[in-house]
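Okay, structure first, notes after.
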Amino acid sequence: MPTNDDPGARICIDFGTATSKASLCLPERDGAPAADLVHPLQIGAVVDEANPYLVQSALVFDREHERVFFGGRAMARARSGETASVPLVSFKTFLAARDLNDTLTSRLLRTIDITGRFQQRDALVLYTAYLTRLVERAVLRDQRLHPRLLTRPRRFAYPRWRPGSAANVYLAGVFDQAAAIAAALGDALLDPAGVDLAAARAALDAARTQPGDGLIEGAVFEARAAAECHLAFGGETPEHVLVFDMGAGTTDITAVRRTPIGYKRHAWHEIEGLRATMALACDEVDRLMIARFIERADSKRSKAALDRFWRRLSLHSRPLKEALFRDGFCEAEFEGRKITLRSQDLFKDRTFVQFQRALAAAYQDALTRVARTAAADGADAIGVILAGGGSNLTFVQQMARNTRPSVSRIRRIDLRPVVPSWAQGPDFDGAFRDIFPQIAISIGGAVAAMTPMEFTV
Ligand SMILES: Nc1ncnc2c1ncn2[C@@H]1O[C@H](COP(=O)(O)OP(=O)(O)OP(=O)(O)O)[C@@H](O)[C@H]1O
Ligand SMILES: [Mg+2]
């Protein structure tokens, strides 16, 4: 029987705009290597996602077959043409709404749910139930983890949507309802043939009147979680570190400062007033890339043909964009003709240039503000951590390499490797290292020592 059933263990679920992740971390023990403490959960492997650690944040309400599909299977379903329903993606951003209640109780668009039976909040709860079940399965199939770890308190990672914590309090409630649904439907949630829509509706209604316990003890700001992940296991870094976490829906920024807490011991504290969240992130790059493709399609073609093209591009946009940045080009077919888009086509585009400028201005501003704090503390260097899937983008890496703060005292910017040395060892598998910037937030959320302000429930 595995012995890893420490009461201090925590799971952090990172419900991402594009992909969701979860990690379990055990509390530090003297001399224990990171690989014994950090357990990224293979939630993707449970349902044969492309990457064992990632699950796509997507749903399809298949109206032809009266089933709801989750994750990569939802996208595959939509691509197969077996349903005309449009997949629901990036729905985490419902939580960014100005009027939360209004948005969450609105019905889903008819193109997504023709039956009109589901509200936007239902999508959040159903998908979270799916994630909850995946976390359970992933822990149970990991020989090194004790099943009792599933009873420990959990956290989730959050962006700073708006002042106040209404969205976080709401999300904690979503986890409670999701727990009831995960218990009621069990592995039926993971059925490759999807879940019956009537059963999903009934489970949602039951969970609203009788929620379960999602075990959520609190929430951790995404950029702070990224800092915790990179800095938890030591390594030489300047005393002040800027964190830039560019995900799909949001870019989250913060900075931390090292403070001594005893002989040869220190802790990382967040520098107040530096948190920021912007909606300038990878989804915007997808939108701009799709717009370039549409521009290049034959404009004399019917609107219906262009709509079909737009829909197909939307279903493939993330892998297309990843190919564009990896190979320098990507291709899509329109009415029997191949359209090639080169990275230069995107980089030259006026709207993309504006996007990049806005991102660079926010980065410069954050860097300068950290630099001022560092200079006031007598330091002459600052560290920079890049996290989130956007940190793979070449222009983001170049921006981080080339930007200098306008504070003369700061002479050195230490851009940290996207995979810290503690995670590069042979004890961690290659698939984990490949997506490290994306999974870093769930790891950091699980290792973070929580300050009272991080608690939302
Ligand atoms: N190698 C890569 N090249 C280009 N883009 C990439 C690469 N790897 C990941 N991405 C992009 O990163 C994004 C996903 O990143 P991440 O998982 O950090 O976002 P998220 O957590 O889902 O979003 P958010 O934090 O905003 O809720 C997707 O848009 C994905 O296409
Ligand atoms: Mg994220």
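We use all heavy atoms of the structure for the numbers below, so side chains are in, but hydrogens, waters and symmetry mates are not. As the structure lists them, so they are numbered: ligands from 1, and atoms in each ligand from 1.
Annotation: Asp252 places no N or O atom under 3.5 Å from an N or O atom of ligand 1; distance criterion only. Ligand 1 has no nitrogen or oxygen under 3.5 angstrom from a nitrogen or oxygen of Asp283. For a threshold of 3.5 Å applied to N or O pairs, the pair formed by Gly249 and ligand 1 contains at least one separation below that value. The shortest N or O to N or O distance between Asp286 and ligand 1 is not under 3.5 Å. Not a single N or O atom of Met246, backbone or side chain, sits closer than 3.5 Å to an N or O atom of ligand 1. Checked against a 3.5 angstrom limit, the closest N/O atoms of Thr19 and ligand 1 fall inside it.
Ligand 1 has at least one atom lying under 4.0 Å from a heavy atom of Lys21.
Heavy-atom neighbours of Gln424 CD from other residues, nucleotides or ligands within 6.0 Å: above the threshold of 12. Applying the 6.0 Å contact sphere to CZ of Arg337 captures more than 12 heavy atoms from other residues, nucleotides or ligands.
Ranking the protein heavy atoms by distance from atom 31 (O) of ligand 1 puts Glu322 OE2, 2.6 Å first. Nearest to atom 18 (O) of ligand 1 among the protein's heavy atoms is Gly389 N, 2.8 Å. Closest to atom 24 (P) of ligand 1, if we only count protein heavy atoms, is Thr17 OG1, 3.4 Å. In terms of protein heavy-atom proximity, atom 22 (O) of ligand 1 is nearest to Ala18 N, 2.6 Å.
Heavy atoms of Leu393 found under 4.0 angstrom from ligand 1 belong exclusively to the side chain. At a heavy-atom distance under 4.0 Å, only side-chain atoms of Asn392, from C-beta outward, approach ligand 1. The residue Arg326 has no part lying near ligand 1, judged by heavy-atom distances below 4.0 Å.
Residues Glu270 and Thr254 have side chains that bring a donor and an acceptor to within less than 3.5 angstrom of each other. Of the N and O atoms on the side chains of Tyr158 and Glu222, not one donor lies less than 3.5 Å from an acceptor on the other residue. Side-chain N/O atoms of Asp252 and Thr277 include a donor and acceptor closer than 3.5 Å. Residues Thr340 and Lys338 have side chains that never bring a donor and an acceptor to within less than 3.5 angstrom of each other. Counted by atom type alone, Thr17 and Ser90 present zero donor-acceptor pairs between their side chains at under 3.5 Å. Looking only at atom types and distance, the side chain of Arg121 has a donor-acceptor partner in the side chain of Gln119 under 3.5 Å away.
Set against the non-hydrogen atoms of Glu222, the atoms of ligand 1 under 4.0 Å away are 25 (O). Which parts of ligand 1 touch Gly388 is read off a 4.0 Å heavy-atom cut-off, strictly below it: atoms 18 (O). Listed by number with element, the atoms of ligand 1 under 4.0 angstrom from any heavy atom of Gly16 are 20 (P), 21 (O), 22 (O), 27 (O). If you number the atoms of ligand 1 from 1 as listed, the ones under 4.0 Å from a heavy atom of Thr250 come out as 26 (O). Shown in contact with Lys92 at under 4.0 Å from a heavy atom are these atoms of ligand 1, numbered in order with element: 24 (P), 27 (O).
If you look at Phe91 and Phe15, their ring centroids are closer than 6.0 Å. Side-chain rings of Trp310 and Phe293 stay apart, their centers remaining 6.0 Å or farther from each other.
Taking each of Ala281, Ala248, Pro437 in turn, the one with a heavy atom nearest to atom 23 (O) of ligand 1 proves to be Ala248. Here the shortest heavy-atom distance to atom 11 (C) of ligand 1, taken over Gln438, Glu284, Lys321, belongs to Lys321.
Classification of the Phe432-Phe436 ring pair by plane angle, with boundaries at 30° and 60°, yields perpendicular.
To the nearest 0.5 Å, the span separating CZ on Phe61 from CD1 on Ile114 amounts to 13.5 Å.
A salt bridge links Lys321 with Asp286: the closest approach of a Lys/Arg side-chain nitrogen to an acidic carboxylate oxygen falls below 4.0 angstrom.
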